[in-house]
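When a residue number appears, it is its place in the shown sequence, counting from 1. As the structure is a computational prediction, the values presented were derived from the model and not from experiment.
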Amino acid sequence: MTLTDAGPLIAIIDADEPDHEVCLVTLDQVSLPLVTTWPAFTEAMYLLTRVGGLTGQRALWRRGQAHGPG
């Protein structure tokens with residue numbers, strides 16, 4: 001389990017983020033699942049809406065469902 005903030009969540013989804021590649025590589029190396037707080041998740045969803053619209057939000061939501069518990 002790895003605790004994450006909004007920044008890496010955004011960078012994983014948004015290819016235009018400077019840390020996009022680093023976050024993708026790191027994602028393969030950390031203990032899953034990624035865990036976050038509702039405020040961090042809300043911030044990530046808000047910022048992804050600004051850069052990618054609903055598509056960005058859906059990408060983060062789907063990734064969370066794919067790697068979520070259960």
Side-chain angles (χ1 to χ4, degrees):
M1 179 181 312
T2 302
L3 182 63
T4 187
D5 195 20
L9 294 175
I10 295 164
I12 289 167
I13 302 301
D14 184 3
D16 292 332
E17 281 289 312
D19 292 328
H20 176 72
E21 290 298 322
V22 171
C23 285
L24 289 180
V25 169
T26 302
L27 186 60
D28 288 335
Q29 299 171 358
V30 298
S31 297
L32 295 178
L34 293 181
V35 178
T36 194
T37 63
W38 279 113
F41 185 75
T42 301
E43 178 184 7
M45 292 296 261
Y46 170 75
L47 293 172
L48 285 168
T49 299
R50 293 182 66 195
V51 298
L54 188 55
T55 302
Q57 283 186 328
R58 284 184 178 155
L60 180 58
W61 188 259
R62 284 189 195 117
R63 184 171 284 273
Q65 288 179 324
H67 298 286

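Between Thr2 and the options Val30, Leu32, Val35, a side chain to side chain contact (heavy atoms under 4.5 Å, CB included) holds for only Val30.
With values rounded to the nearest 0.5 angstrom, Arg58 atom CZ is found 7.0 Å from Thr55 atom OG1. Here Asp14 contributes atom CG and Leu47 contributes atom CG; the two are 10.0 Å apart, rounded to the nearest 0.5 Å. Between the CD atom in Glu21 and the OG1 atom in Thr26 there is a gap of 10.5 Å [rounded to 0.5 Å].
Within the 4.5 Å cutoff, the side chain of Leu34 has heavy atoms near those of the Leu27 side chain. Leu9 has its side chain out of reach of Ile13: every pair of non-hydrogen atoms, C-beta onward, lies at least 4.5 Å apart. Inter-residue side-chain proximity for Trp61 and Phe41 is flagged as met; some heavy-atom pair is nearer than 4.5 Å. Put simply, the side chain of Val25 does not reach to within 4.5 Å of the side chain of Asp28, judged on heavy atoms.
Contact detail for Ala44 and Ala6: the closest heavy-atom pair is N-CB, 3.9 Å. The two atoms that bring Gln57 and Met45 nearest to each other are NE2-O, 3.3 Å, heavy atoms only. Shown here for His20 and Ile12, the closest heavy-atom pair between the two residues is CE1-O, 3.2 Å. Of all heavy-atom pairs between Ala40 and Asp5, the closest is CB-OD1, 3.6 Å.
The same ILVMFWY cluster, assembled from side-chain heavy atoms under 4.5 Å apart, contains both Leu48 and Trp38.
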